[in-house]
J.: 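The structure is given below, and queries will be raised subsequently.
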Amino acid sequence: MNRRRGYAIYLIPGIIASTLVIIVPLVMTIGTSFTRWTGVGSPTWIGFQNYTRLFHDELFWSSFGHIILMVVAMAVIPTLLGLVLAAVLFDYVGKRFSDRWASFFRSGFYLPQVIPLAVTGIIWGWILHPDYGALNKILNAVGLHSLAVDWLGNPKYALFTVMAVLIWIQLGYPIVMFMSGLQRVDPSLYEAADLDGATWWQRFRKITIYMIRPEFYVVLITTTIAALKVFAQIFVLTRGGPSNATIVPSYFAYKNYFEKAQVGYGSAISTVLTVLIIVLAFVFLRLQNRAERQSR
């Protein structure tokens, strides 16, 4: 008991930092959401008016519709695709060629995670530019002129183009996590499956997926939370346009905070988004704990 008390002192810096950086701003944001304030002068208490306005705001609901597609682009597709690619790299490339080649491809997939988002946005802006972009130049060169469109400037294509870029950025993270999880799987399980005549797909479905479930849950929850609060990618690529075709809740809050000086309304948007993230994180953790109890 005394030893535990001695360890508690080392938690104090973290508790203080968390209080100053997370808890205090969160409480202030919640409090501000019940006011009308431009960021200058004294805020005016208006109760639930911001929330009433919020739930009747079509743009707010449109932004949440877009966030569902962001979850697909940043969580669902990268997780599923990353799981398959990690298994291929670990179980095929690494064993048939060498671990160096598997590590090389893993590093290549992870590279977009290392590149700063501002640089990524600029690069993709050049690639997707309607006039001098590399993508349209290639399409025109091979005779596919009808496919050369304004990828980020046309509301019809902008959201799906952003989703494709987000998949490219996000894919490396689950691959690294899943390959790390595969390294702790007992090789004798695969050897026994081979002796029984199991195909690669059967080994992948019955052994690989089952054994790396902890990594699967971690990847899914972290990527889902990242998708819900996605901001930088939208800011760099489209700034919510064209015609709000790519606006998401975090950028919608930013616009109200800084462009419209409606701090109270922006705080209400941020509060709703925070509550949603907490609820989803709680649900994911409960599902993970239940799965772990059932496997014991």
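The first residue of the sequence shown is numbered 1, and numbering continues consecutively from there.
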J.: Considering residues at least two apart in sequence or located in another chain, which fulfil the salt bridge (Lys or Arg N to Asp or Glu O under 4.0 Å) criterion with Asp91?
T.: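 For Asp91, the residues satisfying salt bridge (Lys or Arg N to Asp or Glu O under 4.0 Å) (neighbours in sequence not counted) are Lys95, Arg203.
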J.: Taking the side chain from Gln170 and the backbone from Ile167, do they hold a donor-acceptor pair closer than 3.5 Å?
T.: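 No; judged by distance alone, with no hydrogens or angles, the pair does not exist.
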J.: Side chains of Phe204 and Val84: does their closest heavy-atom pair fall under 4.5 Å?
T.: yes
J.: Taking only residues at least two apart or on different chains, which pairs with a member in residues 242-256 satisfy side chain to side chain donor-acceptor pair (under 3.5 Å)?
T.: Thr238-Thr246
J.: Excluding sequence neighbours, so at least two apart, what forms ring-ring contact (aromatic ring centres under 6.0 Å, His included) with Phe104?
T.: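 Applying ring-ring contact (aromatic ring centres under 6.0 Å, His included) to Phe104 gives Trp101.
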J.: Test side chain to side chain contact (heavy atoms under 4.5 Å, CB included) on Trp37 and Thr44; report intermediate values, then the result.
T.: CA-CA 6 Å; Trp37 190 35; Thr44 303; over 6 Å; no
J.: In sequence, state the C-alpha distance, the side-chain angles, and the governing distance for Lys206 and Met211, and then conclude on side chain to side chain contact (heavy atoms under 4.5 Å, CB included).
T.: CA-CA 9 Å; Lys206 298 293 187 180; Met211 295 301 296; over 6 Å; no
J.: Measure the CZ-CZ distance between Arg213 and Phe216 for me, rounded to the nearest 0.5 Å.
T.: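 Going from CZ on Arg213 over to CZ on Phe216, the span is 11.0 Å.
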J.: So do the side chains of Tyr173 and Val219 get within less than 4.5 Å of each other, counting heavy atoms only?
T.: yes
J.: Do any side-chain atoms of residues 135-147 form donor-acceptor pairs under 3.5 angstrom with protein atoms, and if so which ones, sequence neighbours left out?
T.:
residue, atom, partner, partner atom, Å
Asn136, OD1, Trp151, NE1, 2.9
Asn136, ND2, Pro130, O, 3.3
Asn136, ND2, Val149, O, 3.0
Asn140, OD1, His145, ND1, 3.1
Asn140, ND2, Asn136, O, 3.0

J.: Judged by atom type as modelled, is there a donor-acceptor pair below 3.5 Å linking the side chain of Asn154 to the main-chain atoms of Lys156?
T.: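 Flag set: sc Asn154 to bb Lys156 pair under 3.5 Å.
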J.: Under 6.0 Å from the ring centre and within 45 degrees of the ring axis: does the NZ or CZ of Arg239 meet both conditions for the six-membered ring of Phe235?
T.: yes
J.: Quick check on side chain to side chain contact (heavy atoms under 4.5 Å, CB included): which of Thr271, Ile278, Ile277 does Thr274 satisfy it with?
T.: Ile278
J.: Please answer whether the main-chain N or O of Val248 pairs with a side-chain N or O of His66 as donor and acceptor at a distance below 3.5 Å.
T.: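 Looks like no, no N/O pair under 3.5 Å.
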J.: State plainly whether one hydrophobic cluster holds both Val176 and Val218, where clusters connect Ile, Leu, Val, Met, Phe, Trp and Tyr through side-chain heavy atoms under 4.5 angstrom apart.
T.: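 Result: no, two separate clusters.
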J.: Assigning hydrophobic clusters by single linkage (Ile, Leu, Val, Met, Phe, Trp, Tyr; side-chain heavy-atom cutoff under 4.5 Å), is Val272 placed with Leu59?
T.: yes
J.: For Thr224 and Ala75, work out which heavy atoms get closest and say how close.
T.: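 Of all heavy-atom pairs spanning Thr224 and Ala75, the closest is OG1-CB, 3.6 Å.
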J.: Indicate yes or no: at least one non-hydrogen side-chain atom of Thr35 is less than 4.5 angstrom from one of Thr32.
T.: yes
J.: Should Leu280 and Ile225 count as side-chain neighbours, where that means a heavy-atom distance under 4.5 Å?
T.: no
J.: Could you tell me which non-hydrogen atom of Ser63 sits nearest to which non-hydrogen atom of Pro249, and how far apart they are?
T.: O-CD, 3.4 Å
J.: May I have the list of side-chain donor-acceptor pairs in residues 108-121 shorter than 3.5 Å, sequence neighbours left out?
T.:
residue, atom, partner, partner atom, Å
Gln113, NE2, Ile169, O, 2.8
Thr120, OG1, Pro116, O, 3.1

J.: How far does CE of Met177 sit from OG1 of Thr79, to the nearest 0.5 angstrom?
T.: 10.5 Å
J.: Excluding sequence neighbours, so at least two apart, what forms ring-ring contact (aromatic ring centres under 6.0 Å, His included) with Phe160?
T.: none
J.: Can you find a pair of side-chain heavy atoms, one from Gln183 and one from Phe90, that are under 4.5 Å apart?
T.: yes
J.: I'd like to know whether Leu83 forms a side chain to side chain contact (heavy atoms under 4.5 Å, CB included) with Ile212, so could you lay out the CA-CA distance, the side-chain angles of the two residues, the decisive distance to 0.1 Å, and finally the verdict.
T.: CA-CA 10 Å; Leu83 183 61; Ile212 63 172; 3.3 Å; yes
J.: How would you list, by chain and number, every residue that makes a salt bridge (Lys or Arg N to Asp or Glu O under 4.0 Å) with Asp99, sequence neighbours excluded?
T.: none
J.: Within the structure provided, determine whether Ile269 and Tyr257 are in side-chain contact (heavy-atom separation under 4.5 Å).
T.: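 Side-chain contact under 4.5 Å: no.
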J.: Sequence neighbours excluded, which residues qualify as salt bridge (Lys or Arg N to Asp or Glu O under 4.0 Å) partners of Arg184?
T.: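 Arg184 satisfies salt bridge (Lys or Arg N to Asp or Glu O under 4.0 Å) with Glu215 only.
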J.: Do Leu85 and Phe105 have side chains that approach each other closer than 4.5 Å (heavy atoms only, starting at C-beta)?
T.: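 Counting from C-beta outward, Leu85 and Phe105 never come under 4.5 Å.
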J.: For Phe252, what residues pass the ring-ring contact (aromatic ring centres under 6.0 Å, His included) criterion, not counting sequence neighbours?
T.: none
J.: Shortest non-hydrogen contact from Gly266 to Ala253?
T.: O-CB, 3.8 Å
J.: Using a 6.0 Å cut-off, check whether atom CZ of Arg36 has over 12 heavy atoms from anything other than its own residue.
T.: no
J.: How many angstroms lie between CG in Leu128 and CD1 in Ile123, if you round to the nearest 0.5 Å?
T.: 11.5 Å
J.: In terms of the angle between their ring planes, are Phe60 and Phe55 parallel, tilted or perpendicular, with boundaries placed at 30° and 60°?
T.: perpendicular
J.: Report yes or no: do Ile234 and Trp126 belong to one cluster of Ile/Leu/Val/Met/Phe/Trp/Tyr joined by side chain heavy-atom distances under 4.5 Å?
T.: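 Ile234 and Trp126: separate clusters.
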J.: Return the set of residues passing ring-ring contact (aromatic ring centres under 6.0 Å, His included) with Trp45 (not counting sequence neighbours), or none when no residue passes.
T.: Phe34
J.: Hydrophobic clustering (ILVMFWY, side-chain heavy atoms < 4.5 Å, transitive) - are Met179 and Tyr92 grouped together?
T.: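 Cluster IDs for Tyr92 and Met179 match.
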J.: Got a second to check how far Thr161's OG1 is from Ile127's CD1, nearest 0.5 Å?
T.: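 The CD1 atom of Ile127 is 12.0 Å from OG1 of Thr161, to the nearest 0.5 Å.
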J.: Kindly determine whether Leu69 and Val162 satisfy side chain to side chain contact (heavy atoms under 4.5 Å, CB included), including the steps that lead there.
T.: CA-CA 10 Å; Leu69 294 177; Val162 171; over 6 Å; no
J.: With a 4.5 Å limit on heavy-atom distance, are the side chains of Thr208 and Val185 in contact?
T.: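 Contact flag for Thr208/Val185 side chains = no.
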J.: Restricting to non-hydrogen atoms, name the atom on Ala102 and the atom on Leu89 that form the minimum distance, rounded to 0.1 Å.
T.: CB-O, 3.5 Å
J.: Measuring from Phe64:CZ to Leu228:CG, what's the distance to the nearest 0.5 Å?
T.: 7.5 Å
J.: Could you work out, with side-chain contact (heavy atoms from CB on, under 4.5 Å) as the rule, every residue matching Ala245, not counting sequence neighbours?
T.: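 Testing Ala245 for side-chain contact (heavy atoms from CB on, under 4.5 Å), a comparison that skips the adjacent residues, returns Pro155, Pro242.
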J.: Kindly list each side-chain donor-acceptor pair under 3.5 angstrom involving residues 16-29, sequence neighbours excluded, with atom names and distances?
T.:
residue, atom, partner, partner atom, Å
Ser18, OG, Gly14, O, 2.9
Thr19, OG1, Ile15, O, 2.7
Thr29, OG1, Pro25, O, 2.8

J.: Is there a path of hydrophobic side-chain contacts, each under 4.5 Å between heavy atoms of I/L/V/M/F/W/Y residues, joining Ile30 to Ile46?
T.: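 Ile46 does not cluster with Ile30.
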J.: So, taking the atom named CG in Leu166 and the one named CG in Leu237, what distance separates them when rounded to the nearest 0.5 Å?
T.: 7.5 Å
